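Single-structure report; data block below.
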Amino acid sequence: MKNYLASLFDEAAYKLPHLREIQISFDRPKIETHGDISSNAAMLLSKTLKKNPREIANEIIANLTIDSTKITKVEIAGPGFINFFFHPDFLAKKIEIILKEKDEFGKSKKHAGKRANVEFVSANPTGPLTVGHGRNAVCGDTLANLLEWTGYEVDREYYFNNAGRQMRVLGDSVRLRYLESLGDTIEFPEDYYQGEYIKAIAESLNNEFGDTLRNEEAEGKFKEKAEKEIFLDIEKTLQRLKIKHKSFFNENTLYEEKKIENLLKTFADKNLSYEKDGAIWLKLSELGNEQDKVIVKSTGEPTYRLPDVAYHITKFDRKFDLIVDLFGSDHNATYPDVLAALQALGYDSSKVKVLIHQFVTITQNGEIVKMSTRKANYVTLDELTDEVGADVVRYFFNMRNISTHMNFDLALAKKHSDENPVFYLQYAHARICSIVRAIENEKLAAATDHLNLLQADEELKLIRKLHQFEEEVLLAAEYFEPNRIAAYLEELAASFHKFYTFCRILGTEKNLAEARIALALATKIVLKNGLSILGVTAPDRM
RNA sequence: GCGCCCAUAGCUCAAUUGGAUAGAGCAACAGCCUUCUAAGCUGUAGGUUAGUGGUUCGAGUCCACUUGGGCGUACCA
């Protein structure tokens with residue numbers, strides 16, 4: 001609809017050149033009586049032309065070539081909106097297109113040929129993924145899906161670091177538990193990893209090696225085994241939510257391939273760094289940031305900033321057209337430094353899209369659960385998946401804008417899980433499948449020869465809703481907002497449930513019945529496609 | 001103190017990125033199943049969009065300040 005109108009306006013611009021000077025928007029009015037599409041062109045021009053917007057609107061309309069089989073009415077309303085009413089037959093043609101394109105309907109080639117990298121989860125392997133990581137995992141994967149739907153080839157990437165202090169403590173935690181399992185009396189420090197999984201890893205080392213590791217160092221077998229086991233668990237947890245990364249990028253490779261060393265040299269050569277108090281500093285204040293930051297400590301150890309920059313350079317080297325980083329809000333202070341450094345080195349930092357999602361507050365019986373992997377005070381993502389199922393987990397994290405501070409009442413999620421809106425969507429799909437089963441006995445099939453019979457209010461509203469899908473996918477991808485898809489699907493399902501209630505198929509005259517079947521099947525396709533973007537199943541029965 | 005994010009119905013969240021009369025779901029109340037799944041539908045009630053000022057044809061949305069919350073603010077990641 002919008003594309004069609006845009007072409008009409010383009011044509012009119014030959015006669016009204018000032019139409020080219022403004023950014024015309026075509027909106028879907030909230031209120032039905034305002035038409036299918038509304039344009040604000042006249043209001044935007046009223047200032048430059050110093051004329052009443054309604055007068056301008058009249059001029060514009062006079063210069064539009066209106067095909068009455070497509071547009072039935074054009075009117076000027078309110079302060080100067082131009083409202084367009086489309087012909088129902090024209091709108092119904094969408095059903096044919098949907099039935100033809102099936103799984104492909106909604107995909108676009110807008111970014112065909114481009115490559116995107118989406119980095120998400122990226123939790124260091126110190127323990128199981130928590131509900132907190134769940135939001136990052138689900139949103140990251142859904143964003144990657146969305147980009148794929150707009151034509152990108154997407155690499156899902158997981159960045160981790162098995163070198164730092166955290167991992168040393170992890171290895172030593174395992175070592176102590178191992179000694180304990182051998183019968184030694186140990187003192188387990190309070191700031192070590194308290195989780196039961198540490199004991200399990202120690203136990204399996206005991207089974208495998210007996211007491212031969214008594215003098216092994218923490219950073220040897222202990223850390224190695226812990227990292228391996230924990231990563232296996234993380235991957236399994238993600239897999240349950242249908243998340244699979246293409247690559248796991250280890251920070252270590254940046255050292256092994258001398259990327260850190262080279263970067264330091266480049267910073268020095270370009271006069272972007274300096275030495276002070278035995279440390280190396282990056283001149284971030286010259287790059288527009290608040291203050292200079294240390295990139296190599298006086299101990300000779302780099303801070304996280306340095307490998308972060310080096311890591312992002314590898315993303316540029318790997319020729320991605322779009323680089324997406326999804327972090328929790330605890331990282332919000334770090335990325336401006338990385339972006340500034342990249343820009344100073346000549347990389348186009350506008351290719352990097354940093355997304356920050358807010359934290360999930362978990363409440364259990366009215367009390368806030370403070371998550372800490374170290375203190376083993378957390379609810380794991382696996383536990384949540386066990387409790388409510390993968391579809392609910394995925395839908396729950398997808399249904400809200402990533403910028404919201406989300407509340408998650410565990411007790412409520414478990415108790416009222418069947419009140420989750422995801423079932424509302426799935427139920428709509430299952431109902432259509434049920435129709436399909438029922439019509440087979442009645443010798444009925446979908447037919448698009450008499451779509452003009454679809455004139456009931458519920459039918460027309462549903463058709464209009466189907467029109468929106470392609471646009472919603474594009475917008476959700478463009479703004480990196482997966483929740484738009486969830487919101488759209490809820491509206492679509494609502495339109496369908498109303499249609500289902502008021503527009504029966506069995507017992508209706510054949511031509512109308514078959515047109516309704518076509519409409520139902522088109523709805524089924526769009527529901528399924530939308531759910532697949534969210535990573536949620538579309539069941540045939542419920 | 002400073003930086004980023006947030007504040008919308010009793011609760012959880014939307015609102016086409018500045019559009020016309022701010023919408024859903026829970027919860028509450030009143031209805032609808034001899035007919036394709038009632039995990040559904042219909043209706044009622046619920047709002048000074050935290051507050052004050054500003055920008056303009058037009059503000060929940062943009063700007064400034066205030067209040068209240070989250071996350072940061074390391075030679076931790």
Side-chain angles (χ1 to χ4, degrees), chain A residues 25-31 33-34 38 40 42-44 46-47 52-53 77-81 83 122-124 161 163-167 251 276-281 289-291 293-305 307-308 328-336 356-359 361 399-401 403-409 412 416 418-424 426-428 430-439 441-442 444 468 471-472 475 478-479 481 483-484 486-488 490-491 493-494 496-498 500-502 504-508 513 516-517 520 541-542:
Chain A
S25 76
F26 296 104
D27 292 326
R28 216 177 11 267
K30 286 176 192 159
I31 295 156
T33 55
H34 292 156
S38 150
N40 62 351
M43 273 130 54
L44 294 178
S46 75
K47 200 171 208 177
N52 181 329
F81 290 102
N83 296 339
S122 296
N124 285 340
N161 164 23
R165 205 183 82 86
Q166 288 177 50
M167 291 298 289
E251 186 184 323
K276 193 181 95 185
D277 307 330
I280 300 176
W281 297 67
N289 284 18
E290 226 170 292
Q291 50 184 325
K293 294 278 172 62
V294 169
I295 49 174
V296 179
K297 301 184 231 172
S298 54
T299 60
E301 231 182 328
T303 66
Y304 61 88
R305 257 173 272 267
D308 269 4
S329 62
D330 54 337
H331 281 68
N332 81 67
T334 79
Y335 74 90
I356 303 285
H357 66 82
Q358 297 304 309
F359 277 163
T361 310
M399 66 196 265
R400 272 126 206 197
N401 193 305
S403 69
T404 62
H405 298 268
M406 227 168 102
N407 289 323
F408 198 148
D409 188 324
L412 206 71
H416 295 294
D418 58 9
E419 280 159 12
N420 189 302
V422 71
F423 296 110
Y424 184 78
Q426 293 181 317
Y427 185 54
R431 271 182 149 180
I432 299 172
C433 293
S434 170
I435 292 174
V436 172
R437 288 189 293 269
I439 60 168
N441 305 324
E442 306 285 329
L444 288 169
Q468 240 177 283
E471 183 191 349
E472 289 297 339
L475 289 174
E478 189 181 332
Y479 298 131
E481 292 177 350
N483 61 294
R484 294 180 73 104
Y488 166 75
E490 283 179 39
E491 289 169 14
F496 173 75
H497 284 305
K498 281 176 191 144
Y500 181 92
T501 304
F502 293 104
R504 298 255 118 192
I505 288 167
L506 298 186
T508 301
R516 283 179 174 169
I517 294 168
R541 290 172 201 273
M542 283 175 76

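The chains referred to below are lettered A, B, ... by the order of the sequence lines, with proteins before strands, and numbering in each begins at 1. This is a predicted model, so every value here is computed, not measured.
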Rounded distance in Å between the P positions of B/A27 and B/A22: 26 Å

Under 4.0 Å between any heavy atoms, over every strand shown, what does A/Pro29 touch: base, sugar-phosphate, or nothing? Just pick one. base

Encode nucleotides 68-77 of chain B as B, S and - characters from 5' to 3', where the letter depends on protein heavy atoms closer than 4.0 Å: B to the base, S only to sugar-phosphate, - to neither. -BSBS--BSB

Assigned chi class of B/U17 under the 90° convention is syn

Hey, is the main chain of A/Ile295 close enough, under 3.5 Å, to the side chain of A/Trp281 for a donor-acceptor pair? no

Atom-to-atom span, CG of A/Asp27 to P of B/A20 - whole angstrom: 9 Å

How long is the span from the OG1 atom in A/Thr404 to the CD atom in A/Gln358, to the nearest 0.5 Å? 8.0 Å

Using a 4.0 Å heavy-atom cut-off, does A/Glu478 contact any base of the nucleic acid, only the sugar-phosphate backbone, or nothing at all? nothing

Roughly how far, to the nearest 0.5 Å, is the CE atom of A/Met43 from the OG atom of A/Ser25? 8.5 Å

Looking at A/Val296, is its backbone amide N or carbonyl O close enough to the side chain of A/Thr303 to form a donor-acceptor pair, meaning the two atoms are under 3.5 Å apart? no

Test of understanding: with ring pair (Phe, Tyr, Trp, His ring centres under 6.0 Å), list the residues that count as partners of A/His497, not counting sequence neighbours. A/Tyr424, A/Tyr427

Measure the distance from CE on A/Met542 to C1' on B/C36 and round it to the nearest whole Å. 17 Å

Separation between the C1' atoms of B/C41 and B/C33, rounded to whole Å: 11 Å

C1' atom, B/G60 versus B/U48: distance in rounded Å? 13 Å

Under 4.0 Å between a side-chain N or O of A/Arg431 and OP1 or OP2 of B/A38? yes

Using a 4.0 Å heavy-atom cut-off, does A/His497 contact any base of the nucleic acid, only the sugar-phosphate backbone, or nothing at all? sugar-phosphate

Are OP1 or OP2 of B/A15 and a side-chain N or O of A/Lys30 less than 4.0 angstrom apart? no

So, taking the atom named CD in A/Glu471 and the one named CD in A/Glu478, what distance separates them when rounded to the nearest 0.5 Å? 10.5 Å

I need the OH-P distance between A/Tyr427 and B/A38, as an integer number of Å. 4 Å

Answer syn or anti for B/C33, where the cut-off is 90° from 0 on the glycosidic torsion. syn

In Å, rounded to the nearest 0.5 Å, how long is the span from CD of A/Glu251 to OH of A/Tyr304? 12.5 Å

Rounded to whole Å, please give me the gap between OH in A/Tyr335 and P in B/C5. 7 Å

Ignoring hydrogens and geometry beyond distance, is the side chain of A/Asn83 in donor-acceptor contact with the base of B/A20 at under 3.5 Å? yes

From A/Asn83 CG over to A/His34 NE2, what is the distance, rounded to the nearest 0.5 angstrom? 6.5 Å

Expressed in angstrom and rounded to an integer, what is the separation of A/Arg400 atom CZ from B/C6 atom P? 16 Å

Salt bridge (charged side-chain N to carboxylate O under 4.0 Å, His left out) between A/Arg28 and A/Glu491, intermediate numbers included: CA-CA 14 Å; A/Arg28 216 177 11 267; A/Glu491 289 169 14; over 6 Å; no

C1' gap between B/U61 and B/G18, integer Å: 7 Å

Under the 3.5 angstrom rule, does the side chain of A/Asp27 hit a backbone N or O of A/Ser38 as a donor-acceptor pair? no

Look at all strands and tell whether A/Thr404 reaches a base, only sugar-phosphate, or nothing, counting heavy atoms closer than 4.0 Å. sugar-phosphate

Verify stack between A/Tyr424 ring and B/G25 base, 5.5 Å, 30 degrees: no

Roughly how far, to the nearest 0.5 Å, is the CD1 atom of A/Ile435 from the OH atom of A/Tyr500? 5.5 Å

Rounded interatomic separation in angstrom, taking CD from A/Glu481 and P from B/C13: 16 Å

To the nearest angstrom, the CD-C1' distance between A/Glu490 and B/C13 comes to 9 Å

Integer angstrom distance from the P of B/A50 to that of B/A7: 8 Å

Between B/A9 and B/A28, how far apart are the two C1' atoms, rounded to whole Å? 13 Å

Check every strand shown and say whether A/Phe502 touches a base, only sugar-phosphate, or nothing at a heavy-atom separation below 4.0 Å. sugar-phosphate

In whole Å, measure the gap between the C1' atoms of B/U16 and B/A77 for me. 39 Å

Between P of B/U8 and CE of A/Met406, the distance in whole Å: 16 Å

Which residue lies more 5' along RNA chain B, comparing A/Ser38 with A/Ile435 via nearest heavy atoms: A/Ser38

Sticking with atom C1', work out how far B/U17 lies from B/C36, rounded to a whole angstrom. 41 Å

Sort by first number and list every stem of RNA chain B: at least 3 consecutive Watson-Crick or G-U wobble pairs, both distances under 3.5 Å. B:1-7 with B:67-73, B:10-13 with B:23-26, B:28-32 with B:40-44, B:50-54 with B:62-66

Any carboxylate oxygen within less than 4.0 angstrom of a Lys/Arg side-chain nitrogen, looking at A/Glu490 and A/Arg484? no

Which part of the nucleic acid, if any, lies within reach of A/Ala520 when heavy atoms closer than 4.0 Å are counted: base, sugar-phosphate only, or nothing? nothing

